[in-house]
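Okay, structure first, notes after.
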Amino acid sequence: MSSPSHTADNFIEESIIEDLNNGKHGGRIHTRFPPEPNGYLHIGHAKAIVINFETAKKFGGRTNLRMDDTNPSTEETQFVDNIQHDIRWLGYEWEGETRYASDYFEELYQLALKLIDKGLAYVDESTATEIEAQKGDIGVPGTNSPYRDRSPAENRDLFERMRAGEFPDGSRVLRAKIDMAHPNLLLRDPVLYRIKHEAHHRTGEDWCIYPLYDFAHGQSDSIEKITHSLCSLEFRHHRDLYNWLIEALEIFPSRQIEFARMNVDYFITSKRKLKLLIEEGVVSGWDDARMSTLAGLRRKGYPPEAIRNFCMDTGVTRRDSQQTLDLLEFKVREVMNRNADRYMAVLDPVKLVITNYPEGQTELLETENNPEDESHGTRQLPFSRELYVEREDYRKEPQNRKYYRLAPGKDVRLKSAYIILCEGHEEDDEGNVTQINCTYYPESKSGEDTSGVKAKGTLHWVSAPAAVDIEVRMYQPLFTDPTPMDHEGKDFMEFINPESLQVITAKGEPALAEAEVGESFQFLRQGYFTVDPDTAAGKPVFNLTVGLKSGFKG
RNA sequence: AGACCCAUGGUGUAAUUGGCAACACAACAGAUUUUGGUUCUGUCGUUCAAGGUUCGAGUCCUUGUGGGUCUACCA
């Protein structure tokens, strides 16, 4: 198989092209995404998913999905379903069936036997604390276990009896026999198998010994003939062991390549911390719209395309990166600007009365659904004497010449309707505006304006009698600090933003009552909003997906 | 007796592998606009330090500085 001439976009692709040019694996490229099914996928996983799938795709290769389920205590089938759902939602389909490391338990066991027979592994009866002590320290060599020199035959017998369930948890482990003075602490006779009399979510009671990461992950890669095993930087030290085991076991030589994890401002990606947010009641669950989980981002309304673009455009490197929320939100707006239809909703309504418009009259006005895409068509909007407009769009006095909104004496265009002249307002005892009074120019109707009046500003509005109440959930970042984990001596919980969620009741145009769960809109001049699953008949709930960029400096 | 990884505008990444440091985001200014959105134009500003090799260094070498990772029977 001759390799088409690819250009490398990053160092991983350089390595792949190098392998291709060397004729390795006959030009075949196969990657994998190996989550542990013990939690929900988050934005950091999205990066790994995108890298693995996109890299394979670029070279005409395939990508497996493999559950790294070697720890029966933490893994649950429930998570498997969510992980699969999230990956498909992101837009990727893996090769064949979902794989499980647990499917390879028997093969792994045989591999362990092989290692024992080669004199490269031994059963150790030291306690966990003793083993820790044997490891030595950074810069200090370790010491050999007293059980290190047992014969292969004795080790085999002991290991078989471990499997048979003769020994209690923690009483024995299988260790690789490498070098207790190795500068890489991971190669100081790492533990390969431990005893756990626990039921596994897939294999049930079949096993009471379970392999550890280092004796499961790489071997699974080899079993699946993965050519390039892409993982994050903290596994760099594991690569030495990964390669040592490939040699010792004489198995398919997958190549591990590490890249830097992606961090995003205001997002945390520690499973444990995410869980804590739920347990403490800070958020409502794994799919709370403020969570950095894919379930949360989906609920918030982030389009998968935007997340993919974000992951791709932030590149692949070996240096720790901290991405800004700005870029992520830019990617979200970029997609939604194209796809989301424009509707009008008033978030903080104040009544506006057009004093020269006939009482009781309603007319239907036509408005375009999406100025970016004419094929989205038009719809009808009811217009009447009493409207709601945004409280923020009125000032008792205009501040300066650059102010284009409502204030006494100002002309303003109502989107797709008429130009109105602001006459003044009514207020309560505290000086709060209770009503804005205006007159309209009958000849200024949108599309057939002969009034000659020029209005600099255009406002969104809804007809008061026709408006529907909609619940709107306004979100801000969950934390007040972009990197809540990076403060010495301070717990990340100290940075919880008390205003991360504000629920308001807004006035929406009638069509919004029919919005379906998952559907996204632009509320004119406000932002992009997506219908939340909490929506019930006649009670629509919208999530702020992302605000519009605003050049207004009032 | 420590080992390994990393260092380019405010942020994130490029640089034909030794040949004019570029792209995106952000910021700022202007044009267009029935969204102060979008779109378009422009401005701003960058190779961690010192030394070396070279006609020529972001790129190669040396030393230093700064940051990160590694001592789970987690993955």
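First the proteins, then the strands, lettered A, B, ... as listed; each starts at 1.
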[X] side chain: which of [options] is closest?
{"X": "R342(A)", "options": "U35(B), C5(B), U13(B)", "answer": "U35(B)"}
{"X": "L327(A)", "options": "A24(B), C74(B), G37(B)", "answer": "A24(B)"}
{"X": "F552(A)", "options": "G12(B), G36(B), A75(B)", "answer": "G36(B)"}

Please determine whether a side-chain nitrogen or oxygen atom of [X] lies at a distance below 4.0 Å from atom OP1 or OP2 of [N].
{"X": "K549(A)", "N": "A26(B)", "result": "yes"}
{"X": "R319(A)", "N": "G67(B)", "result": "no"}
{"X": "T70(A)", "N": "A75(B)", "result": "yes"}

Can you find a donor-acceptor pair, distance only, under 3.5 Å between [X] side chain and [N] base?
{"X": "R333(A)", "N": "G37(B)", "result": "no"}
{"X": "H238(A)", "N": "A75(B)", "result": "yes"}
{"X": "H237(A)", "N": "U69(B)", "result": "yes"}
{"X": "R236(A)", "N": "U69(B)", "result": "no"}
{"X": "D137(A)", "N": "U71(B)", "result": "yes"}
{"X": "R525(A)", "N": "U35(B)", "result": "no"}
{"X": "T317(A)", "N": "U13(B)", "result": "no"}

### Query
Under 6.0 Å from the six-membered ring centre of F105(A) and within 45° of its axis: does the NZ or CZ of R202(A) meet both?
no
### Message
Check whether Y403(A) forms a cation-pi arrangement with R395(A) (NZ or CZ under 6.0 Å from the six-membered ring centre, at most 45° off the ring normal).
### Response
no
Atom [atom1], compared across [N] and [M]: separation rounded to whole Å:
{"N": "C40(B)", "M": "A24(B)", "atom1": "P", "result": "10 Å"}
{"N": "U65(B)", "M": "A22(B)", "atom1": "P", "result": "33 Å"}
{"N": "U32(B)", "M": "U41(B)", "atom1": "P", "result": "15 Å"}
{"N": "G68(B)", "M": "U8(B)", "atom1": "P", "result": "15 Å"}

### Query
Hey, are R175(A) and Q134(A) close enough side-chain-wise for a donor-acceptor pair under 3.5 Å?
yes
### Distance-only polar pair, side chains of N82(A) and Y40(A), donor-acceptor under 3.5 Å
yes
#### Entry: 4.5 Å side-chain heavy-atom contact, L108(A) and Y193(A)
yes
Measure [atom1]/[X] against [atom2]/[N] and give the value in whole Å, please.
{"X": "Q134(A)", "N": "A72(B)", "atom1": "CD", "atom2": "P", "value": "12 Å"}
{"X": "N184(A)", "N": "C5(B)", "atom1": "CG", "atom2": "C1'", "value": "13 Å"}
{"X": "D221(A)", "N": "A75(B)", "atom1": "CG", "atom2": "P", "value": "14 Å"}
{"X": "D449(A)", "N": "U33(B)", "atom1": "CG", "atom2": "P", "value": "14 Å"}
{"X": "E443(A)", "N": "U34(B)", "atom1": "CD", "atom2": "P", "value": "20 Å"}
{"X": "Q522(A)", "N": "U35(B)", "atom1": "CD", "atom2": "P", "value": "11 Å"}

